[in-house]
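Reading through the structure tokens given below for one structure.
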Amino acid sequence: MLTLRTLPVLVISTVLSACGKDPVPPSPSPAEPAATTAAASGNVHEFKIGELTAYALKDGDFLIPNDGKIFALNRSPEDVAKVLEQAGVPTTELSLSIQPLLVKSGDRVLLFDTGAGVTAGEAAGKLLASMNEVGIAPASVTDLFLSHAHGDHIGGAFDKDGALVFPNATVRMSAAEWDATKASAAEDEKRAALVQTIASKVETFAPGAEIVQGVVKAVDIKGHTPGHSGYLITSGTESLLYIGDVAHHYIVSVQEPEWTIQFDQDAPTAQASRKELIETNAASGQRIYAVHFPFPGLGKFSHEGERFVWSKE
Ligand SMILES: [Zn+2]
């Protein structure tokens, strides 16, 4: 969604901290047992994909003002407000969650995106705390699948000193996304440091490649960034589609997929991808994991009259 090079991440986190709206409750006291901690925080959701155990892990929240600068560039804030009002949610701002996905598969620990790390201030960067709640150490992650290299997806791969947070993980991203990431390093010091740190860990893949035999397949979803990729995670007859940033908001992006979003690098292509992905998966009933929809981001697209809607699990 956001790049390390662009302003929105700063604007959004400033807005959030200025409003003092951090929906994450304070941590329980150390005296409380771990089980209570996990249940109380609401930052972890355990579920199954066939035989696989998976966790939605809360990283943070962004609040985006409905000011016509990010959502629906080809529409007015009033148009956006109308859609939000019909859904019964506040019309002055759009709330986006961030929840990376973790899947255990045999002796492998698969992490899909990393949240924002230190790139978004107090708004995000809680992934490691969420992992800790379920007893998963960063060093145990064997494979890191990046949907794309925007700050709220790759930022959590680095600590405040720029060192790797998941030192044993192979970093998997599409070849086109890695090429674009390396190209961006030429004009940005932070980006250059990121590329240098991660380079020896990166293994690229072609669109649609089967990356983990029988378990993880890349799904080409064009437009948001040069090599944006979703992932289909399969176990037996069940599957889950990790959609990355093809859709950001669970109401506006789903009901009006052709509205232009500032985050989309190639907006017309992204809009076509969004519409097609929602239509196709509403028809098939595919189970979806949406990294920016309300926590835990699990659900399906479906028809409601002439439009599509998000139905959470
Ligand atoms: Zn994003």
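Atoms within each ligand, like the ligands themselves, are counted from 1 in listed order. Throughout, residue positions are numbered sequentially from 1 according to the sequence presented.
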Is the Zn ion (ligand 1) under 2.8 Å from any N, O or S atom of His153?
-> yes

Near the Zn ion (ligand 1), is there an N/O/S atom from His292 that is less than 2.8 Å away?
-> yes

Go through the steps for Glu85 and Lys82 under the test salt bridge (charged side-chain N to carboxylate O under 4.0 Å, His left out), then give the verdict.
-> CA-CA 5 Å; Glu85 189 175 9; Lys82 200 171 156 190; over 6 Å; no

State, yes or no, whether a side-chain contact exists between Asp113 and Tyr242 at a heavy-atom distance under 4.5 Å.
-> yes

Contact check, side chains of Glu133 and Tyr55, non-hydrogen atoms, under 4.5 Å | no

Name whichever N, O or S atom of Asp152 ends up nearest to the Zn ion (ligand 1).
-> OD2

Among the N, O or S atoms of Asp245, the one nearest the Zn ion (ligand 1) | OD2

Report yes if the distance between the aromatic ring centroids of His248 and His224 is under 6.0 Å, otherwise no.
-> yes

